[in-house]
Amino acid sequence: DGGITQSPKYLFRKEGQNVTLSCEQNLNHDAMYWYRQDPGQGLRLIYYSQIVNDFQKGDIAEGYSVSREKKESFPLTVTSAQKNPTAFYLCASPEVFMNTEAFFGQGTRLTVV
Amino acid sequence: EDKVVQSPLSLVVHEGDTVTLNCSYEVTNFRSLLWYKQEKKAPTFLFMLTSSGIEKKSGRLSSILDKKELSSILNITATQTGDSAIYLCAIMNRDDKIIFGKGTRLHILP
């Protein structure tokens, strides 16, 4: 079945450490997105990529980095510069050419300890 | 700056009631408006709206877009406890940027 796989589901990080969240899709979509969700905040856009080897900052990109070396993969690194990284992270991928809805992964809950 | 505002932020009703959730937006180069339902983890897709005045329906849920008023509503009739969730509205612009609102948390009392 086509879909988006995020891993791990739960992640614990010590303060000062970088951590990378995985997002893989087999939908053959060009576009991939990363969102952060905090209670009462909805989904806030971190980064998005419309095509391989290209990506744009979203509204809250500071303290995060991404890469898009392959169409299927869009990993998100939460760096030590991110002051409040504890949150629920969602990866999404629409087929923008066909203007379809965005499909979501099951999310990664990151906790800084 | 593109913006999506949902109201109310929270709503509690009794089973069987009808609810209307609102979404207003400011966006450069509007492409589409999307509604999602989020219960536990991943949001699930409900509707995509691109044209004004055309109602989309799925069972007890329906939605319509008003491009003149830059808004959309999501109606749920004969609510059930299983409708309890966060309902998210998002807009996509022609640069493929997808922005979400804060969501409406709906709780249905039995």
Side-chain angles (χ1 to χ4, degrees), chain A residues 1-10 23 25 27 29-51 54-61 68 74 87-110, chain B residues 1-11 21-51 56 58 63 65 72 85-107:
Chain A
D1 278 3
I4 299 177
T5 303
Q6 288 187 243
S7 61
K9 283 188 180 177
Y10 300 95
C23 178
Q25 55 105 351
L27 300 165
H29 289 175
D30 288 310
M32 297 184 75
Y33 298 69
W34 273 107
Y35 292 91
R36 169 183 172 139
Q37 187 172 33
D38 299 280
Q41 290 294 320
L43 274 62
R44 291 185 289 169
L45 182 62
I46 305 173
Y47 270 97
Y48 65 111
S49 168
Q50 294 161 288
I51 201 164
D54 189 38
F55 47 83
Q56 283 75 41
K57 290 183 179 180
D59 298 322
I60 56 164
R68 188 82 189 281
F74 190 39
F88 186 55
Y89 291 87
L90 283 161
C91 178
S93 179
E95 175 45 81
V96 291
F97 180 73
M98 298 297 290
N99 199 19
T100 67
E101 72 274 19
F103 298 89
F104 280 87
Q106 290 300 305
T108 294
R109 187 165 299 279
L110 172 65
Chain B
E1 183 186 327
D2 296 343
K3 190 165 66 171
V4 177
V5 177
Q6 291 186 247
S7 64
L9 290 179
S10 180
L11 186 57
L21 310 183
N22 300 286
C23 177
S24 62
Y25 60 89
E26 295 174 22
V27 63
T28 51
N29 298 316
F30 174 90
R31 185 173 184 181
S32 58
L33 185 144
L34 306 109
W35 283 99
Y36 286 85
K37 177 182 181 182
Q38 185 180 28
E39 293 177 86
K40 296 232 169 108
K41 298 252 174 118
T44 53
F45 172 74
L46 295 175
F47 298 110
M48 172 184 276
L49 304 161
T50 55
S51 301
K56 294 218 171 174
S58 177
S63 183
L65 175 66
S72 173
I86 298 172
Y87 289 84
L88 296 162
C89 174
I91 52 99
M92 179 188 281
N93 68 17
R94 295 201 178 273
D95 295 323
D96 301 332
K97 190 175 183 184
I98 304 175
I99 300 295
F100 282 81
K102 292 188 177 184
T104 293
R105 185 177 291 273
L106 177 63
H107 186 63

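Every value quoted in this text rests on a predicted model; they were computed, and no experiment measured them. The chains referred to below are lettered A, B, ... by the order of the sequence lines, with proteins before strands, and numbering in each begins at 1.
- The shortest non-hydrogen separation linking Thr50(B) to Ser32(B) is CG2-CB, 3.6 Å.
- Both the backbone and the side chain of Leu43(A) come within less than 4.5 Å of a heavy atom of chain B.
- Residue contact with chain A, scored on non-hydrogen atoms closer than 4.5 Å, involves the side chain of Leu88(B) exclusively.
- At most 12 non-hydrogen atoms from other residues, nucleotides or ligands lie less than 6.0 angstrom from CZ of Arg105(B).
- Gln6(B) does not touch chain A: none of its heavy atoms, backbone or side chain, sits under 4.5 Å away.
- If you measure heavy-atom distances from Gln37(A) to chain B, the contacts under 4.5 Å come from the side chain alone.
- Less than 6.0 angstrom separates the ring centroid of Phe30(B) from the ring centroid of Tyr25(B).
- Classification of the Tyr36(B)-Phe100(B) ring pair by plane angle, with boundaries at 30° and 60°, yields tilted.
- Note: Tyr35(A) and Phe104(A) have tilted aromatic rings, judged against thresholds of 30 and 60 degrees for the angle between ring planes.
- For chain A, the option among Thr44(B), Ile99(B), Leu9(B), Asp95(B) with the highest count of heavy-atom pairs below 4.5 Å is Asp95(B).
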